[in-house]
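Written out below as structure tokens is the structure these notes cover.
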Amino acid sequence: MEVRYNPHEIEPKWLKRWEEEKIYRSEIDRSKPKYYVLEMFPYPSGKIHMGHVRNYTIGDVVARLKKMEGYNIIHPMGWDAFGLPAENAAIDKGVHPAKWTYENINFMKSQLKRLGFSYDWDREIATCRPEYYKWEQLIFLKMLEKGLAYKKRSSVNWCNSCNTVLANEQVEGGECWRCGSRVEIKELEQWFFKITAYTEELLSYCDKLTGWPEKVILMQKNWIGKSYGCEIKFPLEDGSGHITVFTTRQDTLFGATFMSLAPEHPLIPELCKGKKEEEAVLKYVEKSKNLTAVQRQMAEYEKEGVFTGSYCINPVTGWKMPIYIANFVLMEYGTGAVMAVPAHDERDFQFAKKYNLPIVVVIQPKERQLSAESLAEAYTEQGYLVNSGEFNGLFNEEAKEKIADYLEDKGLGKRTINYRLRDWGISRQRYWGAPIPIIYCDKCGMVPVPEKDLPVVLPENVNITGKGGSPLADVPEFVNTVCPRCGGKARRDTDTMDTFVESSWYFIRFASPRYEQGMFNKEEVDYWLPVDQYIGGVEHAILHLLYSRFYVKVLRDLGMLNFDEPFINLLTQGMVCMESYKCNEHNYLFPEEVLERDGRFFCKKCDKEVLVGRVEKMSKSKKNVVDPDDLVKNYGADTLRLFCLFAAPPEKDLDWSERGVEGCNRFIQRIWRLYHQWEPKLIQSVNGDEILDNRIARDILRMAHKTIKRVIEDALKRFHFNTAISAVMELVNYLYNIELTEDIEIRKAVSFAIKQIVILMYPFTPFLSEELWEKMGNKRSLFYEKLPTYKEAMTADEVLTIVVQINGKVRGRFDLSASLSENEMERLILADEKISQYTKDGIKKIIWVPKKLVNIIV
RNA sequence: GCGAGGAUGGCGGAACUGGCAGACGCGCUGGGCUUAGAACCCAGUGGGUAACACCGUAGGGGUUCGACUCCCCUUCCUCGCACCA
């Protein structure tokens with residue numbers, strides 16, 4: 001008889017039953033501690049890919065494990081449904097973004113269901129529904145009231161030939177992704193969220209995020225970019241004012257020999273006015289205007305600039321410093337003006353060399369002597385001050401403080417702190433997003449949409465061509481409205497919000513997804529939030545997580561929430577990777593378009609040898625993708641899940657391997673077969689701590705208890721599912737070596753062990769486990785079962801294998817009864833013939849690692 | 001350039017606080033079953049040797065009775081930020 005686990009019969013059976021019984025529905029239960037498991041919700045792009053499968057499998061395992069540990073679980077799923085791809089689909093295929101999005105949602109939802117994820121689908125949300133974005137618009141208005149939302153002129157990428165705004169990701173190497181023409185910069189009035197109002201809190205609370213990966217916290221800190229320094233005033237030579245700079249190196253002030261300004265610096269027109277340099281300067285400024293940030297980066301770091309014709313005075317040395325415009329100075333950071341210290345800053349050094357500007361050394365290292373003439377590069381390390389008047393001889397870190405004191409005393413400058421973090425621009429000149437609830441009236445100016453008129457619904461009848469500005473501007477029924485204040489004619493804001501706004505609070509909405517009286521039901525939120533375990537890709541380590549943290553703080557300060565941080569624990573899972581094949585003639589090839597011959601690979605079309613690419617992230621363009629649907633069809637969901645968990649620990653990248661998948665399927669079959677071999681001999685009610693006389697039976701029980709311990713410690717405490725699974729594999733292998741027998745004690749022990757396997761595998765392979773669980777005579781789903789407990793005493797070995805080292809080298813192994821004392825063991829070991837050969841010249845020292853190892857030093 | 005992480009068999013990966021390196025899986029080899037194959041089961045599998053010895057965690061040095069693990073230097077790889085003054 002062939003015994004085979006058939007996923008195509010068994011898996012649909014359980015899907016149906018789980019759905020009918022709604023076992024994953026979550027409700028407040030104050031008798032249990034709650035646990036909120038959340039995976040980053042997907043963008044409904046069409047169908048799920050392996051990255052989703054891995055992410056959601058990890059989340060599902062966490063949810064099931066925590067449930068089995070006794071928590072009341074909430075495990076929701078939804079759709080980050082607004083975004084650019086929907087609009088692109090409209091442009092390419094003429095499908096309405098809404099239709100495209102909802103169809104994708106339906107399809108992807110069926111895919112997720114098929115994989116057996118334990119979502120409470122009653123809580124499903126899609127951010128493109130007015131019931132959702134209504135509350136986003138409300139919060140926008142509250143932020144406006146608080147001054148946390150404001151409007152200012154800001155630049156966008158603009159394509160002249162398509163006549164449209166481009167998102168950053170639509171700019172490829174400074175060119176438009178559609179037509180390839182040069183991208184320009186255009187200034188538009190845009191909305192911003194004042195995230196900088198929370199800079200300090202976002203930074204200091206980083207240290208409270210103890211459940212986050214170190215790496216992500218560091219990225220957040222770097223993104224915020226706090227630096228301590230001074231603002232220093234440099235008087236203009238003609239006495240007409242001064243230029244303020246920001247520097248973190250006030251210790252090098254005596255070495256500042258010229259001044260560099262950003263091309264956008266407001267003083268420039270005045271500085272060059274009437275000078276012979278004026279024309280050249282204005283031309284340079286004009287040229288810089290049309291450079292995007294992307295293009296600036298492509299400028300290959302060539303430092304360049306022009307002299308303005310004016311000078312300012314170094315306040316401590318009295319030197320006349322020429323004022324330059326320099327392309328590397330950023331208007332957005334500091335004051336847009338930099339004091340140039342060529343001897344101690346790499347960029348200033350290059351600039352000084354190029355334009356032949358003076359270099360003065362003011363920091364000397366201890367071990368060598370620098371001189372301005374022979375300097376080949378800037379010296380940016382620490383050292384002692386020279387050429388710095390009364391500060392000579394000070395260590396530069398000390399001098400920073402002394403010079404800052406001096407500047408403050410004399411009123412020449414003051415200590416300041418600067419941050420890299422800028423406010424969050426949220427205006428998008430796009431259709432498929434949440435409309436910004438603002439009305440412009442000729443008489444009353446800018447008027448917020450009254451709360452009672454929310455939501456401002458995104459109109460359906462819109463023509464999306466990919467041309468022009470915001471598509472909403474072409475919908476007169478939307479644009480034209482009446483002013484809520486005066487009742488006169490008015491126009492709506494035609495921009496939509498950045499999709500990061502929707503994802504900044506969806507995790508709160510999940511607590512009460514159908515609530516109609518407000519953004520959320522406070523009682524539900526107080527119970528479920530914050531998220532206990534958040535799981536997703538590291539690509540969101542900065543923006544999404546930072547914006548979500550910001551949102552929670554804003555809502556807290558609006559009195560709506562009473563917690564400070566959204567995500568207690570964060571797991572960033574690795575990517576799913578695969579080799580790629582590239583033919584010189586036919587570009588990237590699918591694996592089936594490649595022929596293998598003696599370990600080399602050839603293109604089936606042209607028979608030329610193909611380049612086997614590094615294992616890298618699966619992507620359509622590289623043709624190194626596998627479709628989860630195919631895998632479910634071939635192996636079933638359990639196998640696919642198991643592979644995602646077994647091939648690597650969750651935070652590492654996962655290398656795709658078809659053979660590895662087959663191995664996981666084999667393991668499932670092995671459990672299935674093991675069960676069926678023993679089925680007639682299994683004994684129903686067994687408990688694991690019975691005292692058995694049979695040695696083999698006792699060993700089986702011990703092995704089972706050890707396995708429970710390992711699975712709990714690896715899976716639950718460390719989320720290392722790969723080693724947890726391998727522990728179960730070892731137990732299965734062990735049981736395969738037990739001969740089928742009528743011995744009652746062995747049958748009891750095996751029954752216990754098999755039961756543990758079924759329970760322990762449930763979070764990983766729920767279908768298989770449910771089926772076996774039912775076969776074992778259980779009526780209720782495993783979902784309600786508790787994790788097994790192990791007895792420490794039951795894991796203790798009766799016989800210990802003691803490793804004996806002589807001078808740190810392994811020279812023998814002794815199987816000794818665990819009941820012996822160290823002294824008794826020592827006597828037995830030293831009496832051994834082989835060991836005594838080593839010890840005949842006398843023993844210096846004996847070091848014991850209890851129950852494991854002894855090192856004899858001779 | 002700065003910051004972080006990493007390098008272990010033919011491959012993916014174990015070894016948690018320093019204590020048997022290579023668990024588990026894949027692949028490979030041999031055997032069993034079979035008319036044959038697939039599937040399955042058993043055994044072996046870092047290098048080296050007839051067997052020991054010995055050599056092995058990127059390379060070099062150090063601390064220690066003992067180092068994949070701790071410290072210093074070097075090389076390479078991955079990721080993040082990237083003209084932030």
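Throughout, protein chains are lettered first and strands after them, A, B, ... in sequence-line order, and every chain is numbered starting at 1. All values reported here derive from a predicted model rather than from experimental measurement.
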Candidate nucleotides [options], ranked by approach to the side chain of [X] - the nearest:
X	options	value
A:Asn737	B:A43, B:A85, B:C54	B:A43
A:Lys809	B:A85, B:G80, B:C55	B:C55
A:Ile847	B:C83, B:G13, B:C65	B:C65
A:Arg347	B:C84, B:A15, B:G3	B:C84
A:Arg811	B:C54, B:A4, B:G19	B:C54

Mind checking who [N] pairs with, Watson-Crick or G-U wobble, both distances under 3.5 Å?
N	result
B:U17	none
B:G3	B:C79
B:U69	none
B:U49	none
B:U64	none
B:U57	none
B:C84	none
B:A43	B:U29

Each nucleotide of nucleotides 22-28 of chain B classed B (base within 4.0 Å of a protein heavy atom), S (only sugar-phosphate) or -, in 5' to 3' order, makes -BBSSS-
Tell me if B:G46 is syn or anti. Syn = glycosidic torsion within 90° of 0, anti otherwise. anti
Just how far is it from atom CG of A:Leu202 to atom CG of A:Leu545, taken to the nearest 0.5 Å?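 That separation rounds to 11.5 Å.
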In terms of the angle between their ring planes, are A:His544 and A:Phe500 parallel, tilted or perpendicular, with boundaries placed at 30° and 60°?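 If you compare the ring of A:His544 with that of A:Phe500, the planes turn out parallel.
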Parallel, tilted or perpendicular: which one describes the rings of A:Tyr547 and A:Trp424, with boundaries at 30° and 60°?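 Aromatic pair A:Tyr547/A:Trp424 classed parallel.
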I'd like to check A:Leu642 versus A:Phe667 (side-chain heavy atoms, cut-off strictly below 4.5 Å). Are they in contact?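 Yes, side chains in contact.
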Is the closest side-chain heavy-atom distance between A:Tyr635 and A:Phe643 below 4.5 Å? no
Give one of base, sugar-phosphate or nothing for [X], where a contact means two heavy atoms less than 4.0 Å apart.
X	value
A:Glu346	nothing
A:Tyr419	nothing
A:Asp348	nothing

Is the phosphate of B:C41, meaning OP1 or OP2, less than 4.0 Å from a side-chain N or O of A:Arg673? yes
In sequence, state the C-alpha distance, the side-chain angles, and the governing distance for A:Ser227 and A:Tyr333, and then conclude on side chain to side chain donor-acceptor pair (under 3.5 Å). CA-CA 11 Å; A:Ser227 46; A:Tyr333 186 78; 2.9 Å; yes
Please lay out, stage by stage, how A:Thr639 and A:Asn665 fare under the test side chain to side chain donor-acceptor pair (under 3.5 Å). CA-CA 5 Å; A:Thr639 297; A:Asn665 187 250; 2.9 Å; yes
Search all heavy atoms of A:Thr308 against all heavy atoms of A:Tyr324 and return the closest pair with its distance. CG2-C, 4.4 Å
When you match A:Pro649 and A:Leu853 each to their closest nucleotide on RNA chain B, which lands nearer the 5' end? A:Pro649
